[in-house]
Amino acid sequence: MPGDNPFRELISRAKGRAEVVLLYSQDKGYELISCNATAAILFDMSEHSSSQDSLPWNGIAPPLANYLSQALAGVSSEPSQTMAEFAATGTPPTRYAVDLYYAVEPAANGANPRHWYYFCFRDKNPLAGDMKTAIDSGHLETIGELATGVAHDFNNLIMGMQANAEALLSNEALRESDRGYLVNIIRACGTGTSLTRSLLGYAKRQPLDMVDFNLVDLVNDVSNIARLSLGTKHRVVLGPDLLIGQKPIMVYGCYSSLSHCLINLIKNSREANVEGDNIEVNWQGSKDEAVLTVKDHGCGIAEADLQRVFQPFYSTKKTGSGLGMSMVQGIMSQHKGRVEVKSQVGVGTEVSLKWPRPQITAVTTPVDQRRSTVSLKDAMKARSETLSQLAYVIDDDDLVRDGVKGLLEHLGYKVEAFPGGQPALQALNLRNIPKLVLIDHNMPNMTGSEFVRYWFEELPEIYRESDTHIVLCSGDPPSAFTDFMEKYKDENVGLLQKPFSLATLSKKLTNIKAVRTITTHLPAT
(Lines give C-alpha, C1' and ligand atoms only; values in the text may rest on other atoms or scores of the structure.)
Protein backbone atom coordinates (compact mmCIF):
# COMPACT_ATOMS: atom_id res chain seq x y z
CA MET A 1 0.00 0.00 0.00
CA PRO A 2 1.22 3.55 -0.61
CA GLY A 3 2.02 5.96 2.15
CA ASP A 4 -0.42 8.67 3.19
CA ASN A 5 -1.60 10.33 0.02
CA PRO A 6 -2.89 8.68 -3.18
CA PHE A 7 -4.81 5.72 -1.85
CA ARG A 8 -6.57 7.59 0.98
CA GLU A 9 -7.48 10.44 -1.35
CA LEU A 10 -9.04 8.00 -3.79
CA ILE A 11 -11.11 6.38 -1.07
CA SER A 12 -12.35 9.75 0.17
CA ARG A 13 -13.52 10.72 -3.33
CA ALA A 14 -15.08 7.42 -4.36
CA LYS A 15 -18.81 6.95 -3.91
CA GLY A 16 -19.42 3.60 -5.60
CA ARG A 17 -20.52 0.45 -3.81
CA ALA A 18 -18.80 -2.03 -6.12
CA GLU A 19 -15.16 -1.01 -5.97
CA VAL A 20 -11.97 -2.26 -7.63
CA VAL A 21 -8.46 -0.90 -7.01
CA LEU A 22 -5.75 -1.40 -9.63
CA LEU A 23 -2.06 -0.47 -9.46
CA TYR A 24 0.37 -0.04 -12.34
CA SER A 25 4.15 0.03 -12.04
CA GLN A 26 6.72 -0.38 -14.77
CA ASP A 27 8.43 -3.34 -13.14
CA LYS A 28 5.29 -5.36 -12.31
CA GLY A 29 2.68 -4.10 -14.76
CA TYR A 30 -0.98 -4.04 -13.65
CA GLU A 31 -1.90 -5.64 -10.31
CA LEU A 32 -5.28 -6.03 -8.60
CA ILE A 33 -5.03 -4.55 -5.11
CA SER A 34 -8.60 -5.01 -3.91
CA CYS A 35 -12.07 -6.05 -5.03
CA ASN A 36 -14.80 -5.60 -2.44
CA ALA A 37 -17.69 -8.00 -1.78
CA THR A 38 -20.16 -6.28 -4.11
CA ALA A 39 -17.68 -6.13 -7.00
CA ALA A 40 -16.86 -9.80 -6.38
CA ILE A 41 -20.51 -10.70 -6.93
CA LEU A 42 -20.67 -8.45 -10.00
CA PHE A 43 -17.67 -10.12 -11.65
CA ASP A 44 -18.29 -13.65 -10.32
CA MET A 45 -15.02 -13.87 -8.42
CA SER A 46 -13.73 -14.08 -4.86
CA GLU A 47 -13.48 -10.97 -2.74
CA HIS A 48 -9.90 -9.68 -2.55
CA SER A 49 -8.69 -7.46 0.29
CA SER A 50 -5.89 -4.90 0.19
CA SER A 51 -4.40 -6.75 3.18
CA GLN A 52 -3.74 -9.73 0.88
CA ASP A 53 -0.96 -10.02 -1.67
CA SER A 54 -1.79 -8.25 -4.93
CA LEU A 55 -2.94 -10.35 -7.88
CA PRO A 56 -0.99 -10.16 -11.16
CA TRP A 57 -2.93 -9.44 -14.33
CA ASN A 58 -3.16 -13.13 -15.28
CA GLY A 59 -4.71 -13.86 -11.88
CA ILE A 60 -7.67 -11.48 -12.37
CA ALA A 61 -11.04 -13.12 -13.09
CA PRO A 62 -11.80 -13.02 -16.87
CA PRO A 63 -15.00 -10.88 -16.65
CA LEU A 64 -13.16 -8.18 -14.71
CA ALA A 65 -9.99 -8.46 -16.82
CA ASN A 66 -12.05 -8.09 -20.01
CA TYR A 67 -13.73 -4.93 -18.76
CA LEU A 68 -10.50 -3.41 -17.44
CA SER A 69 -8.73 -4.11 -20.74
CA GLN A 70 -11.31 -2.01 -22.57
CA ALA A 71 -11.51 0.69 -19.92
CA LEU A 72 -7.76 1.22 -19.52
CA ALA A 73 -7.45 1.92 -23.23
CA GLY A 74 -9.48 5.09 -22.70
CA VAL A 75 -8.00 6.30 -19.41
CA SER A 76 -6.83 9.91 -19.28
CA SER A 77 -4.60 11.49 -16.66
CA GLU A 78 -7.55 13.34 -15.10
CA PRO A 79 -8.12 12.80 -11.34
CA SER A 80 -11.59 11.48 -12.12
CA GLN A 81 -13.57 10.59 -15.22
CA THR A 82 -16.60 8.64 -16.38
CA MET A 83 -15.75 5.33 -18.03
CA ALA A 84 -17.60 3.04 -20.43
CA GLU A 85 -20.63 1.32 -18.93
CA PHE A 86 -20.43 -2.24 -17.68
CA ALA A 87 -23.28 -4.63 -18.51
CA ALA A 88 -23.69 -7.42 -15.95
CA THR A 89 -25.03 -10.73 -17.21
CA GLY A 90 -28.71 -11.33 -16.71
CA THR A 91 -32.06 -11.08 -18.45
CA PRO A 92 -32.25 -8.20 -19.06
CA PRO A 93 -28.61 -7.28 -18.33
CA THR A 94 -28.11 -4.74 -15.56
CA ARG A 95 -26.09 -1.74 -16.73
CA TYR A 96 -23.63 -0.05 -14.40
CA ALA A 97 -22.20 3.43 -14.69
CA VAL A 98 -18.49 3.48 -13.91
CA ASP A 99 -16.45 6.27 -12.31
CA LEU A 100 -12.67 6.16 -12.29
CA TYR A 101 -10.53 7.98 -9.72
CA TYR A 102 -6.86 8.22 -10.64
CA ALA A 103 -3.74 9.23 -8.73
CA VAL A 104 0.01 9.03 -9.21
CA GLU A 105 2.36 8.08 -6.41
CA PRO A 106 5.61 10.00 -6.97
CA ALA A 107 8.73 7.90 -7.27
CA ALA A 108 11.54 8.04 -4.76
CA ASN A 109 15.24 8.12 -5.70
CA GLY A 110 14.54 8.39 -9.41
CA ALA A 111 12.43 5.21 -9.58
CA ASN A 112 9.37 4.94 -11.80
CA PRO A 113 6.12 6.33 -10.37
CA ARG A 114 3.17 4.07 -9.46
CA HIS A 115 -0.29 4.70 -10.93
CA TRP A 116 -3.42 4.01 -8.89
CA TYR A 117 -6.85 3.37 -10.45
CA TYR A 118 -10.00 3.23 -8.34
CA PHE A 119 -13.00 1.92 -10.34
CA CYS A 120 -16.47 2.43 -8.83
CA PHE A 121 -19.49 0.66 -10.33
CA ARG A 122 -23.02 1.83 -9.58
CA ASP A 123 -26.40 0.75 -10.90
CA LYS A 124 -27.84 3.35 -13.29
CA ASN A 125 -31.08 3.36 -11.29
CA PRO A 126 -29.78 5.32 -8.26
CA LEU A 127 -32.83 4.81 -6.06
CA ALA A 128 -33.47 1.11 -6.56
CA GLY A 129 -30.05 0.12 -7.79
CA ASP A 130 -27.55 1.66 -5.40
CA MET A 131 -29.76 1.00 -2.41
CA LYS A 132 -30.21 -2.65 -3.42
CA THR A 133 -26.48 -2.98 -4.03
CA ALA A 134 -25.74 -1.47 -0.64
CA ILE A 135 -28.25 -3.73 1.08
CA ASP A 136 -27.04 -6.85 -0.73
CA SER A 137 -23.44 -5.97 0.05
CA GLY A 138 -24.29 -5.44 3.70
CA HIS A 139 -26.16 -8.75 3.83
CA LEU A 140 -23.28 -10.61 2.22
CA GLU A 141 -20.79 -9.02 4.57
CA THR A 142 -23.00 -9.90 7.54
CA ILE A 143 -23.30 -13.51 6.35
CA GLY A 144 -19.56 -13.64 5.73
CA GLU A 145 -18.72 -12.40 9.21
CA LEU A 146 -21.32 -14.75 10.69
CA ALA A 147 -19.95 -17.74 8.77
CA THR A 148 -16.34 -17.00 9.66
CA GLY A 149 -17.19 -16.55 13.33
CA VAL A 150 -19.41 -19.62 13.46
CA ALA A 151 -16.87 -21.81 11.65
CA HIS A 152 -14.60 -22.12 14.69
CA ASP A 153 -17.19 -22.65 17.42
CA PHE A 154 -19.59 -24.76 15.39
CA ASN A 155 -16.88 -26.95 13.87
CA ASN A 156 -15.33 -27.40 17.32
CA LEU A 157 -18.67 -28.69 18.58
CA ILE A 158 -19.03 -31.06 15.62
CA MET A 159 -15.40 -32.16 15.98
CA GLY A 160 -15.96 -33.09 19.61
CA MET A 161 -19.09 -35.11 18.86
CA GLN A 162 -17.67 -36.82 15.79
CA ALA A 163 -14.30 -37.70 17.32
CA ASN A 164 -15.86 -39.20 20.43
CA ALA A 165 -18.43 -41.12 18.36
CA GLU A 166 -15.75 -42.49 16.03
CA ALA A 167 -13.54 -43.47 18.94
CA LEU A 168 -16.45 -45.55 20.27
CA LEU A 169 -17.30 -46.87 16.80
CA SER A 170 -13.79 -48.27 16.41
CA ASN A 171 -14.42 -50.66 19.32
CA GLU A 172 -14.79 -54.06 17.69
CA ALA A 173 -16.77 -55.36 20.67
CA LEU A 174 -19.51 -52.79 20.11
CA ARG A 175 -23.04 -54.13 19.72
CA GLU A 176 -24.54 -53.71 16.25
CA SER A 177 -27.52 -51.75 17.58
CA ASP A 178 -25.19 -49.28 19.30
CA ARG A 179 -23.06 -49.07 16.16
CA GLY A 180 -26.11 -47.88 14.21
CA TYR A 181 -26.80 -45.10 16.68
CA LEU A 182 -23.20 -43.88 16.47
CA VAL A 183 -23.32 -43.92 12.67
CA ASN A 184 -26.43 -41.72 12.82
CA ILE A 185 -24.59 -39.24 15.06
CA ILE A 186 -21.67 -39.11 12.63
CA ARG A 187 -24.02 -38.62 9.67
CA ALA A 188 -25.60 -35.67 11.48
CA CYS A 189 -22.12 -34.24 12.10
CA GLY A 190 -21.49 -34.44 8.36
CA THR A 191 -24.65 -32.44 7.72
CA GLY A 192 -23.55 -29.76 10.17
CA THR A 193 -20.15 -29.54 8.51
CA SER A 194 -21.82 -29.12 5.13
CA LEU A 195 -23.90 -26.24 6.51
CA THR A 196 -20.87 -24.32 7.75
CA ARG A 197 -18.91 -24.80 4.55
CA SER A 198 -21.90 -23.85 2.42
CA LEU A 199 -22.17 -20.64 4.41
CA LEU A 200 -18.49 -19.92 3.85
CA GLY A 201 -18.81 -20.73 0.17
CA TYR A 202 -21.92 -18.57 -0.29
CA ALA A 203 -20.22 -15.64 1.43
CA LYS A 204 -17.15 -16.24 -0.80
CA ARG A 205 -14.96 -16.84 2.26
CA GLN A 206 -14.01 -20.29 1.00
CA PRO A 207 -13.91 -21.62 -2.58
CA LEU A 208 -16.21 -24.51 -3.40
CA ASP A 209 -14.60 -27.88 -4.11
CA MET A 210 -15.91 -28.68 -7.61
CA VAL A 211 -15.61 -32.29 -8.83
CA ASP A 212 -17.36 -34.90 -10.98
CA PHE A 213 -19.64 -37.18 -8.95
CA ASN A 214 -22.71 -39.41 -9.15
CA LEU A 215 -25.85 -37.45 -8.27
CA VAL A 216 -27.63 -40.69 -7.32
CA ASP A 217 -25.18 -41.11 -4.43
CA LEU A 218 -25.76 -37.55 -3.23
CA VAL A 219 -29.55 -37.79 -3.33
CA ASN A 220 -29.58 -41.10 -1.46
CA ASP A 221 -27.12 -39.87 1.18
CA VAL A 222 -29.21 -36.75 1.79
CA SER A 223 -32.54 -38.59 1.77
CA ASN A 224 -31.19 -41.11 4.31
CA ILE A 225 -30.14 -38.25 6.59
CA ALA A 226 -33.48 -36.50 6.04
CA ARG A 227 -35.44 -39.64 6.95
CA LEU A 228 -33.71 -39.76 10.33
CA SER A 229 -35.01 -36.28 11.16
CA LEU A 230 -38.42 -36.60 9.46
CA GLY A 231 -39.42 -39.68 11.43
CA THR A 232 -42.70 -41.27 10.38
CA LYS A 233 -44.61 -38.00 9.87
CA HIS A 234 -43.28 -37.39 6.36
CA ARG A 235 -41.71 -39.53 3.66
CA VAL A 236 -39.07 -38.69 1.06
CA VAL A 237 -39.91 -40.43 -2.22
CA LEU A 238 -37.20 -40.63 -4.89
CA GLY A 239 -37.94 -40.72 -8.60
CA PRO A 240 -37.04 -43.91 -10.53
CA ASP A 241 -33.80 -42.41 -11.95
CA LEU A 242 -32.50 -41.68 -8.44
CA LEU A 243 -32.90 -45.09 -6.85
CA ILE A 244 -29.81 -47.02 -5.72
CA GLY A 245 -28.69 -49.39 -8.44
CA GLN A 246 -29.83 -47.20 -11.31
CA LYS A 247 -27.47 -45.89 -13.98
CA PRO A 248 -25.12 -43.22 -12.53
CA ILE A 249 -26.04 -39.61 -13.22
CA MET A 250 -22.66 -37.93 -13.46
CA VAL A 251 -22.64 -34.18 -12.76
CA TYR A 252 -20.06 -31.53 -11.94
CA GLY A 253 -20.26 -29.42 -8.79
CA CYS A 254 -19.54 -29.13 -5.09
CA TYR A 255 -20.89 -32.27 -3.39
CA SER A 256 -21.23 -30.82 0.12
CA SER A 257 -22.81 -27.52 -1.01
CA LEU A 258 -25.32 -29.22 -3.31
CA SER A 259 -26.12 -31.61 -0.45
CA HIS A 260 -26.88 -28.63 1.72
CA CYS A 261 -29.14 -27.15 -0.99
CA LEU A 262 -31.13 -30.39 -1.15
CA ILE A 263 -31.36 -30.65 2.64
CA ASN A 264 -32.72 -27.09 2.77
CA LEU A 265 -35.38 -27.80 0.15
CA ILE A 266 -36.49 -31.01 1.88
CA LYS A 267 -36.64 -29.16 5.20
CA ASN A 268 -38.81 -26.43 3.65
CA SER A 269 -41.13 -29.05 2.14
CA ARG A 270 -41.44 -30.82 5.48
CA GLU A 271 -42.50 -27.58 7.17
CA ALA A 272 -45.03 -26.81 4.44
CA ASN A 273 -46.51 -30.32 4.17
CA VAL A 274 -49.46 -31.73 6.02
CA GLU A 275 -48.44 -34.63 8.24
CA GLY A 276 -48.27 -37.82 6.19
CA ASP A 277 -47.69 -36.15 2.81
CA ASN A 278 -44.81 -37.25 0.60
CA ILE A 279 -41.84 -35.11 -0.39
CA GLU A 280 -40.87 -35.98 -3.95
CA VAL A 281 -37.31 -35.70 -5.29
CA ASN A 282 -36.93 -36.18 -9.05
CA TRP A 283 -34.33 -35.98 -11.81
CA GLN A 284 -35.50 -33.98 -14.83
CA GLY A 285 -32.18 -33.17 -16.42
CA SER A 286 -30.70 -33.66 -19.87
CA LYS A 287 -27.23 -34.41 -21.23
CA ASP A 288 -26.42 -30.67 -21.08
CA GLU A 289 -28.19 -29.55 -17.89
CA ALA A 290 -28.63 -31.06 -14.45
CA VAL A 291 -32.13 -30.51 -13.05
CA LEU A 292 -33.07 -31.78 -9.59
CA THR A 293 -36.54 -30.98 -8.27
CA VAL A 294 -38.14 -31.16 -4.83
CA LYS A 295 -41.93 -31.11 -4.74
CA ASP A 296 -44.41 -30.98 -1.87
CA HIS A 297 -48.20 -30.83 -1.62
CA GLY A 298 -48.31 -28.35 1.23
CA CYS A 299 -49.63 -24.87 1.83
CA GLY A 300 -47.86 -23.20 -1.09
CA ILE A 301 -46.36 -19.71 -1.25
CA ALA A 302 -48.34 -16.52 -1.81
CA GLU A 303 -47.38 -14.46 -4.87
CA ALA A 304 -46.18 -11.53 -2.74
CA ASP A 305 -43.89 -13.81 -0.73
CA LEU A 306 -42.69 -15.65 -3.84
CA GLN A 307 -41.01 -12.46 -5.04
CA ARG A 308 -38.98 -12.24 -1.82
CA VAL A 309 -38.00 -15.83 -0.99
CA PHE A 310 -34.39 -15.29 -2.11
CA GLN A 311 -33.80 -12.14 -0.08
CA PRO A 312 -31.29 -12.72 2.75
CA PHE A 313 -32.93 -12.75 6.20
CA TYR A 314 -36.46 -12.79 4.76
CA SER A 315 -38.66 -15.57 6.14
CA THR A 316 -42.38 -16.29 6.35
CA LYS A 317 -41.76 -18.56 9.37
CA LYS A 318 -41.53 -17.25 12.91
CA THR A 319 -38.54 -19.48 13.62
CA GLY A 320 -36.87 -19.15 10.21
CA SER A 321 -33.45 -17.53 9.78
CA GLY A 322 -34.23 -16.30 6.26
CA LEU A 323 -30.90 -17.63 5.01
CA GLY A 324 -32.00 -20.98 3.54
CA MET A 325 -33.20 -20.02 0.06
CA SER A 326 -30.73 -17.14 -0.15
CA MET A 327 -27.88 -19.58 0.45
CA VAL A 328 -29.32 -22.03 -2.08
CA GLN A 329 -29.45 -19.29 -4.71
CA GLY A 330 -25.91 -18.16 -3.88
CA ILE A 331 -24.54 -21.70 -4.11
CA MET A 332 -26.30 -22.32 -7.42
CA SER A 333 -24.94 -19.06 -8.86
CA GLN A 334 -21.44 -20.32 -8.06
CA HIS A 335 -22.32 -23.40 -10.11
CA LYS A 336 -23.32 -21.09 -12.99
CA GLY A 337 -26.86 -22.27 -12.35
CA ARG A 338 -30.16 -21.02 -10.99
CA VAL A 339 -33.12 -21.85 -8.75
CA GLU A 340 -36.68 -21.88 -10.09
CA VAL A 341 -39.74 -21.91 -7.84
CA LYS A 342 -43.30 -22.79 -8.88
CA SER A 343 -45.99 -22.57 -6.23
CA GLN A 344 -49.73 -22.35 -5.77
CA VAL A 345 -51.40 -21.58 -2.47
CA GLY A 346 -53.16 -24.64 -1.12
CA VAL A 347 -51.67 -26.93 -3.78
CA GLY A 348 -47.95 -27.09 -3.13
CA THR A 349 -44.51 -25.98 -4.26
CA GLU A 350 -41.89 -27.31 -6.67
CA VAL A 351 -38.31 -26.02 -6.49
CA SER A 352 -35.80 -26.88 -9.21
CA LEU A 353 -32.02 -26.70 -8.98
CA LYS A 354 -30.57 -26.23 -12.46
CA TRP A 355 -26.90 -26.05 -13.40
CA PRO A 356 -24.71 -26.89 -16.43
CA ARG A 357 -23.78 -30.50 -16.95
CA PRO A 358 -20.51 -30.74 -18.88
CA GLN A 359 -19.97 -33.99 -20.70
CA ILE A 360 -17.75 -36.37 -18.74
CA THR A 361 -15.75 -38.69 -20.95
CA ALA A 362 -14.30 -42.06 -19.95
CA VAL A 363 -15.35 -42.10 -16.31
CA THR A 364 -14.11 -45.37 -14.82
CA THR A 365 -14.00 -44.67 -11.10
CA PRO A 366 -16.24 -41.69 -10.23
CA VAL A 367 -14.94 -39.32 -7.60
CA ASP A 368 -17.03 -39.97 -4.50
CA GLN A 369 -17.37 -36.85 -2.37
CA ARG A 370 -19.59 -38.32 0.32
CA ARG A 371 -18.36 -37.58 3.80
CA SER A 372 -16.56 -40.47 5.36
CA THR A 373 -16.92 -41.59 8.91
CA VAL A 374 -14.41 -44.38 9.30
CA SER A 375 -12.88 -47.27 7.40
CA LEU A 376 -11.25 -49.34 10.10
CA LYS A 377 -8.95 -51.27 7.77
CA ASP A 378 -7.56 -48.06 6.24
CA ALA A 379 -7.28 -46.34 9.58
CA MET A 380 -5.39 -49.23 11.18
CA LYS A 381 -2.72 -49.65 8.48
CA ALA A 382 -0.37 -47.29 10.28
CA ARG A 383 -1.02 -48.70 13.76
CA SER A 384 2.04 -50.96 13.88
CA GLU A 385 4.28 -48.08 12.80
CA THR A 386 3.00 -45.70 15.46
CA LEU A 387 2.87 -47.99 18.49
CA SER A 388 4.43 -46.30 21.52
CA GLN A 389 5.20 -43.08 19.62
CA LEU A 390 4.31 -40.02 21.67
CA ALA A 391 1.71 -37.57 20.36
CA TYR A 392 0.57 -34.28 21.88
CA VAL A 393 -3.03 -33.13 21.48
CA ILE A 394 -3.36 -29.42 22.30
CA ASP A 395 -6.85 -27.92 22.36
CA ASP A 396 -8.61 -25.65 24.84
CA ASP A 397 -11.94 -27.46 24.24
CA ASP A 398 -11.98 -30.56 26.44
CA LEU A 399 -14.65 -32.27 24.33
CA VAL A 400 -12.46 -31.98 21.21
CA ARG A 401 -9.27 -32.75 23.13
CA ASP A 402 -10.63 -36.00 24.58
CA GLY A 403 -12.17 -37.09 21.28
CA VAL A 404 -9.02 -36.53 19.21
CA LYS A 405 -6.96 -38.20 21.96
CA GLY A 406 -9.14 -41.30 21.55
CA LEU A 407 -8.65 -41.32 17.77
CA LEU A 408 -4.87 -41.11 18.08
CA GLU A 409 -4.79 -43.82 20.73
CA HIS A 410 -6.74 -46.05 18.37
CA LEU A 411 -4.09 -45.35 15.72
CA GLY A 412 -1.49 -46.67 18.16
CA TYR A 413 -0.03 -43.50 19.65
CA LYS A 414 0.77 -42.87 23.27
CA VAL A 415 -1.06 -39.58 23.79
CA GLU A 416 -0.67 -36.69 26.21
CA ALA A 417 -3.31 -33.96 26.07
CA PHE A 418 -2.96 -30.30 27.04
CA PRO A 419 -5.38 -27.36 27.23
CA GLY A 420 -2.87 -24.93 25.68
CA GLY A 421 0.47 -24.52 23.98
CA GLN A 422 2.35 -23.26 27.02
CA PRO A 423 1.53 -26.27 29.26
CA ALA A 424 2.62 -28.55 26.40
CA LEU A 425 5.95 -26.76 26.05
CA GLN A 426 6.51 -26.95 29.80
CA ALA A 427 5.97 -30.72 29.66
CA LEU A 428 8.78 -31.27 27.14
CA ASN A 429 11.66 -33.40 28.35
CA LEU A 430 14.65 -34.81 26.51
CA ARG A 431 13.73 -38.45 27.15
CA ASN A 432 10.28 -38.23 25.62
CA ILE A 433 9.93 -35.76 22.75
CA PRO A 434 6.66 -36.05 20.76
CA LYS A 435 6.76 -37.41 17.22
CA LEU A 436 3.43 -35.75 16.49
CA VAL A 437 1.73 -32.55 17.69
CA LEU A 438 -1.91 -31.87 16.83
CA ILE A 439 -2.72 -28.31 17.89
CA ASP A 440 -5.82 -26.14 17.56
CA HIS A 441 -5.27 -22.72 16.04
CA ASN A 442 -7.82 -20.56 17.88
CA MET A 443 -6.80 -20.67 21.53
CA PRO A 444 -6.23 -18.01 24.20
CA ASN A 445 -2.74 -17.00 25.37
CA MET A 446 -0.94 -18.86 22.56
CA THR A 447 -2.56 -19.64 19.22
CA GLY A 448 -1.59 -22.68 17.20
CA SER A 449 0.33 -20.58 14.69
CA GLU A 450 2.21 -18.87 17.54
CA PHE A 451 3.10 -22.31 18.89
CA VAL A 452 4.49 -23.33 15.49
CA ARG A 453 6.51 -20.11 15.26
CA TYR A 454 7.92 -20.65 18.77
CA TRP A 455 8.71 -24.30 18.01
CA PHE A 456 10.84 -23.53 14.96
CA GLU A 457 12.24 -20.13 15.89
CA GLU A 458 12.70 -20.00 19.67
CA LEU A 459 12.56 -23.51 21.13
CA PRO A 460 16.07 -24.80 21.90
CA GLU A 461 17.15 -27.19 19.14
CA ILE A 462 17.83 -29.93 21.68
CA TYR A 463 14.04 -30.35 22.05
CA ARG A 464 13.37 -30.48 18.30
CA GLU A 465 13.68 -33.72 16.42
CA SER A 466 13.70 -33.69 12.62
CA ASP A 467 10.93 -36.29 12.38
CA THR A 468 8.47 -34.47 14.65
CA HIS A 469 5.35 -33.50 12.70
CA ILE A 470 3.04 -30.63 13.68
CA VAL A 471 -0.52 -30.49 12.35
CA LEU A 472 -2.42 -27.21 12.79
CA CYS A 473 -6.16 -27.82 13.17
CA SER A 474 -8.83 -25.18 12.61
CA GLY A 475 -12.45 -24.74 11.64
CA ASP A 476 -11.40 -21.73 9.55
CA PRO A 477 -11.03 -22.26 5.78
CA PRO A 478 -7.57 -23.29 4.48
CA SER A 479 -7.34 -20.02 2.54
CA ALA A 480 -6.89 -18.22 5.86
CA PHE A 481 -3.51 -19.94 6.32
CA THR A 482 -1.98 -19.52 2.85
CA ASP A 483 0.78 -17.13 3.95
CA PHE A 484 1.44 -19.09 7.14
CA MET A 485 1.82 -22.42 5.33
CA GLU A 486 4.09 -20.83 2.73
CA LYS A 487 6.38 -19.57 5.50
CA TYR A 488 6.81 -23.09 6.92
CA LYS A 489 6.71 -25.00 3.64
CA ASP A 490 10.14 -26.53 4.31
CA GLU A 491 9.19 -27.78 7.78
CA ASN A 492 7.10 -30.78 8.88
CA VAL A 493 3.98 -28.67 9.27
CA GLY A 494 0.53 -29.59 7.95
CA LEU A 495 -2.98 -28.14 8.05
CA LEU A 496 -6.19 -30.04 8.81
CA GLN A 497 -9.61 -28.43 8.72
CA LYS A 498 -12.08 -29.35 11.45
CA PRO A 499 -14.08 -31.45 11.74
CA PHE A 500 -12.24 -34.48 10.41
CA SER A 501 -12.86 -38.21 10.52
CA LEU A 502 -10.58 -41.00 11.74
CA ALA A 503 -9.89 -42.03 8.13
CA THR A 504 -9.06 -38.44 7.14
CA LEU A 505 -6.76 -38.04 10.15
CA SER A 506 -5.00 -41.30 9.30
CA LYS A 507 -4.41 -40.16 5.71
CA LYS A 508 -3.16 -36.76 6.85
CA LEU A 509 -0.61 -38.37 9.15
CA THR A 510 0.66 -40.44 6.24
CA ASN A 511 1.39 -37.24 4.29
CA ILE A 512 0.83 -34.07 6.30
CA LYS A 513 1.68 -31.83 3.35
CA ALA A 514 -1.14 -33.22 1.22
CA VAL A 515 -4.19 -31.05 0.63
CA ARG A 516 -7.16 -32.59 2.38
CA THR A 517 -9.68 -34.46 0.27
CA ILE A 518 -12.95 -35.77 1.58
CA THR A 519 -12.63 -39.51 2.08
CA THR A 520 -15.18 -41.94 0.75
CA HIS A 521 -18.04 -44.13 1.83
CA LEU A 522 -20.59 -43.69 4.55
CA PRO A 523 -20.79 -46.77 6.74
CA ALA A 524 -23.76 -49.04 6.33
CA THR A 525 -26.44 -48.72 8.95
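Everything numeric here is computed off the predicted structure, so don't read it as measured data.
- A 4.5 Å side-chain heavy-atom check between P79 and Y101 finds every atom pair outside the cut-off.
- When all heavy atoms are compared, the tightest approach of S50 to S34 is N-CB, 3.8 Å.
- In terms of heavy atoms, V104 sits closest to Y102 at CG2-OH, 2.9 Å.
- E280 has its side chain out of reach of V294: every pair of non-hydrogen atoms, C-beta onward, lies at least 4.5 Å apart.
- For the atom pair CG (D440) and CG (L496), the distance works out to 11.0 Å, reported to the nearest 0.5 Å.
- The aromatic ring centroids of F119 and F86 lie 6.0 Å or more from each other.
- Under the 3.5 Å distance criterion, the side-chain polar atoms of S269 are matched with a main-chain donor or acceptor of L265.
- For Q26, the CD atom is loosely surrounded, since the number of other residues' heavy atoms within 6.0 Å does not exceed 12.
- Only one option out of Y30, W57, W116 pairs with Y24 in a ring-ring contact (aromatic ring centres under 6.0 Å, His included); it is Y30.
- Under the rule for a ring pair (Phe, Tyr, Trp, His ring centres under 6.0 Å), the partners of F456 that lie at least two apart in sequence or sit in another chain are Y488.
- A heavy-atom distance below 4.5 Å is not found between the side chains of C35 and E19.
- For the residue pair I33 and S54, the shortest heavy atom distance occurs at CD1-CB, 3.8 Å.
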Q. Under the side chain to side chain contact (heavy atoms under 4.5 Å, CB included) criterion, do H469 and V493 qualify, and how do the steps go?
A. CA-CA 6 Å; H469 291 65; V493 178; over 6 Å; no
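- D483 CG to S449 OG: the interatomic distance, rounded to the nearest 0.5 Å, is 12.0 Å.
- For the pair N214 (side chain) and P248 (backbone), a donor-acceptor distance under 3.5 Å is absent.
- Between W455 and I470, some side-chain heavy-atom pair lies under the 4.5 Å cut-off.
- Y255 and D221 form a side-chain donor-acceptor contact under 3.5 Å, judged by distance and modelled atom types alone.
- Using a distance-only test at 3.5 Å, with no hydrogens or angles considered, no donor-acceptor pair links the side chain of Q81 to the main chain of E78.
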Q.
For T82 and V98: C-alpha separation, side-chain torsions, deciding distance, then whether side chain to side chain contact (heavy atoms under 4.5 Å, CB included) applies.
A. CA-CA 6 Å; T82 301; V98 186; over 6 Å; no
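- Residue V328 is tested with N264, I263, L262, N268 for a side chain to side chain contact (heavy atoms under 4.5 Å, CB included); the sole match is N264.
- Close placement of the F121 and Y67 rings is indicated, their centers lying within 6.0 Å of each other.
- Within the 4.5 Å cutoff, no side-chain heavy atoms of V437 are placed close to those of V471.
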Less than 3.5 Å apart, which donor and acceptor atoms pair up between the side chains of residues 344-355 and the rest of the protein, not counting sequence neighbours?
{"from": "T349", "atom 1": "OG1", "to": "S343", "atom 2": "OG", "distance (Å)": "2.7"}
{"from": "K354", "atom 1": "NZ", "to": "E340", "atom 2": "OE1", "distance (Å)": "2.8"}
{"from": "W355", "atom 1": "NE1", "to": "Y252", "atom 2": "O", "distance (Å)": "3.1"}

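- Between G239 and N282, the shortest heavy-atom distance links the atoms CA-OD1, 3.3 Å.
- At a threshold of 4.5 Å between non-hydrogen side-chain atoms, the residues T293 and V291 count as touching.
- A salt bridge links E486 with K489: the distance from a Lys NZ or Arg NE/NH1/NH2 to an Asp or Glu carboxylate oxygen falls below 4.0 Å.
- K287 places no side-chain N or O within donor-acceptor distance of the main-chain N or O of P358, the cut-off being under 3.5 Å.
- Two residues are said to be in side-chain contact when any heavy atoms from C-beta on lie closer than 4.5 Å; E491 and V452 fail this criterion.
- The distance from atom CE of M83 to atom CG of D99, rounded to the nearest 0.5 Å, is 10.0 Å.
- The only member of F484, F451, F481 that meets ring-ring contact (aromatic ring centres under 6.0 Å, His included) when paired with H441 is F481.
- Considering all non-hydrogen atoms of both residues, I439 and G448 come closest at CD1-CA, 3.9 Å.
- Residues F213 and V211 come closest through the heavy atom pair CD2-O, 3.7 Å.
- Remark: R114 CZ to D27 CG distance equals 9.0 Å, nearest 0.5 Å.
- Here the CG-CD distance, from D296 to E271, works out to 10.5 Å after rounding to the nearest 0.5 Å.
- Comment: R338 engages E289 in a salt bridge, judged by a side-chain N to carboxylate O separation of less than 4.0 angstrom.
- At least one donor-acceptor pair closer than 3.5 Å links the side chain of S223 to the backbone N or O of N220.
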Q) For V219 and I249, what are the C-alpha separation, side-chain angles and deciding distance, and is it a side chain to side chain contact (heavy atoms under 4.5 Å, CB included)? A) CA-CA 11 Å; V219 172; I249 301 175; over 6 Å; no
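- Contact annotation: the side chain of L258 approaches that of H335 to within less than 4.5 Å [non-hydrogen atoms, C-beta and beyond].
- Atom NZ of K507 sits about 12.0 Å away from atom CG of L505, to the nearest 0.5 Å.
- A salt bridge links K498 with D395: the distance from a Lys NZ or Arg NE/NH1/NH2 to an Asp or Glu carboxylate oxygen falls below 4.0 Å.
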Q | side chain to side chain contact (heavy atoms under 4.5 Å, CB included) evaluation trace for L32 with V20 | A | CA-CA 8 Å; L32 180 68; V20 173; 3.5 Å; yes
